[in-house]
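Before any comments, here is the structure.
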Amino acid sequence: MSSPTETVLSFCAAWSRLDIEELLGYFTEDAVYHNMPGAPAVGRAAVRRTIEHFLRGWRRTDWEVVATAACGNVVFAERIDRTDTHSGKHVDLAVVGVFEVADGKIRAWRDYFDLASYTRAVA
């Protein structure tokens with residue numbers, strides 16, 4: 001079984017393939033995804049809807065993991081998410097993701113970023 005850090009690094013790399021089924025395979029059934037400052041998506045079905053919403057607008061994305069730190073099953077991943085949208089916008093977004101991993105699956109994921117930076121980039 002992969003370590004929590006290996007699971008998170010593999011998950012971040014998987015985003016470049018924009019494959020919803022592959023991405024959902026990383027989550028527990030009762031997973032929670034909280035993309036700050038929005039409301040949390042609770043349960044795999046809600047996580048699916050949230051990810052599908054992102055993927056509909058994206059032509060390409062690549063997540064560069066700059067640094068990680070782990071304490072037990074909790075992994076912090078500092079990233080630069082580089083995304084090209086279908087509307088022709090390019091976004092380089094600095095993000096810190098906090099992941100709780102259980103039995104090789106993501107049970108909780110919280111992303112922290114500056115919403116104003118993202119809004120300016122896609123405006």
Side-chain angles (χ1 to χ4, degrees):
M1 181 179 296
S2 299
S3 73
T5 299
E6 290 168 334
T7 297
V8 169
L9 291 174
S10 178
F11 173 70
C12 290
W15 275 88
S16 66
R17 293 182 286 280
L18 302 177
D19 180 336
I20 185 68
E21 298 306 327
E22 179 184 9
L23 294 168
L24 284 174
Y26 283 92
F27 291 94
T28 63
E29 286 297 325
D30 62 345
V32 176
Y33 171 44
H34 197 171
N35 191 23
M36 305 299 179
V42 179
R44 188 184 251 170
V47 171
R48 171 188 282 279
R49 287 189 300 274
T50 301
I51 292 174
E52 285 175 337
H53 174 75
F54 293 142
L55 296 183
R56 274 194 299 273
W58 294 354
R59 186 174 52 79
R60 184 193 70 78
T61 193
D62 181 55
W63 293 9
E64 176 189 356
V65 177
V66 177
T68 60
C71 183
N73 70 325
V74 177
V75 179
F76 287 71
E78 179 185 9
R79 312 186 314 261
I80 305 294
D81 295 0
R82 294 183 173 88
T83 303
D84 293 326
T85 69
H86 287 296
S87 63
K89 303 290 182 175
H90 177 81
V91 181
D92 287 339
L93 187 64
V95 180
V96 172
V98 180
F99 300 83
E100 296 174 28
V101 179
D103 297 323
K105 301 277 187 177
I106 297 168
R107 180 177 39 204
W109 171 26
R110 295 176 297 279
D111 265 351
Y112 299 87
F113 61 96
D114 179 37
L115 183 58
S117 295
Y118 180 80
T119 303
R120 276 192 307 275
V122 297

Is it true that a side-chain atom of S2 and a backbone atom of E6 form a donor plus acceptor pair closer than 3.5 Å?
no

Group every Ile, Leu, Val, Met, Phe, Trp and Tyr by side-chain heavy-atom contacts under 4.5 Å, then state whether V47 and L55 land in the same group.
yes

Looking at K89 and A123, would you say the former's side chain and the latter's main chain have a donor-acceptor pair under 3.5 Å?
yes

Sidechain N-carboxylate O distance under 4.0 Å for R82, D62
no

Joint hydrophobic cluster, I51 plus V8, side-chain heavy atoms closer than 4.5 Å:
yes

Check: V66 and I80 side chains under 4.5 Å, non-hydrogen atoms:
yes

Any salt bridge (Lys or Arg N to Asp or Glu O under 4.0 Å) involving residues 114-123? Give me the pairs, sequence neighbours left out, ordered by first then second residue.
none

With rounding to the nearest 0.5 angstrom, report the OH to CG distance, Y118 to L93.
8.0 Å

Suppose the criterion is salt bridge (Lys or Arg N to Asp or Glu O under 4.0 Å): which pairs have a residue in residues 23-43, not counting sequence neighbours?
E29-R44

Between D19 and E22, is there a donor-acceptor pair closer than 3.5 Å when you use the side chain of the first and the backbone of the second?
yes

Drop me the distance from W109's CH2 to H34's NE2, to the nearest 0.5 angstrom.
12.5 Å

Do V65 and V95 land in one hydrophobic cluster if side-chain heavy atoms of ILVMFWY residues count as linked below 4.5 Å?
no

For residues V101 and L24: do they belong to one hydrophobic cluster (side chain heavy atoms under 4.5 Å, members Ile, Leu, Val, Met, Phe, Trp, Tyr)?
yes

Heavy-atom side-chain contact between N73 and R107 under 4.5 Å:
yes

Heavy-atom check, side chain of R48 versus side chain of E21, under 4.5 Å
yes

Ion pair check, R79 and E64, cut-off under 4.0 Å:
no

Taking the side chain as everything from C-beta on, heavy atoms only, tell me whether V75 gets closer than 4.5 Å to V98.
no

Per the ring-ring contact (aromatic ring centres under 6.0 Å, His included) rule, what does the pair list look like for residues 40-72, sequence neighbours excluded?
W15-W58, W15-W63, F54-W58

Do T5 and S3 meet the criterion of a side-chain donor-acceptor pair at a distance under 3.5 Å?
no

Can a donor-acceptor pair be found, under 3.5 Å and without considering hydrogens, that links the side chain of T50 to the backbone of A46?
yes

Is it true that F99 and Y26 have ring centroids separated by less than 6.0 Å?
no

Treating S10 as the side-chain partner and T7 as the backbone partner, does any N or O pair qualify as donor plus acceptor under 3.5 Å?
no

May I ask you to test the V74-P4 pair for a side-chain heavy-atom distance under 4.5 Å?
no

Whether over 12 other heavy atoms sit under 6.0 Å from F76 CZ:
no

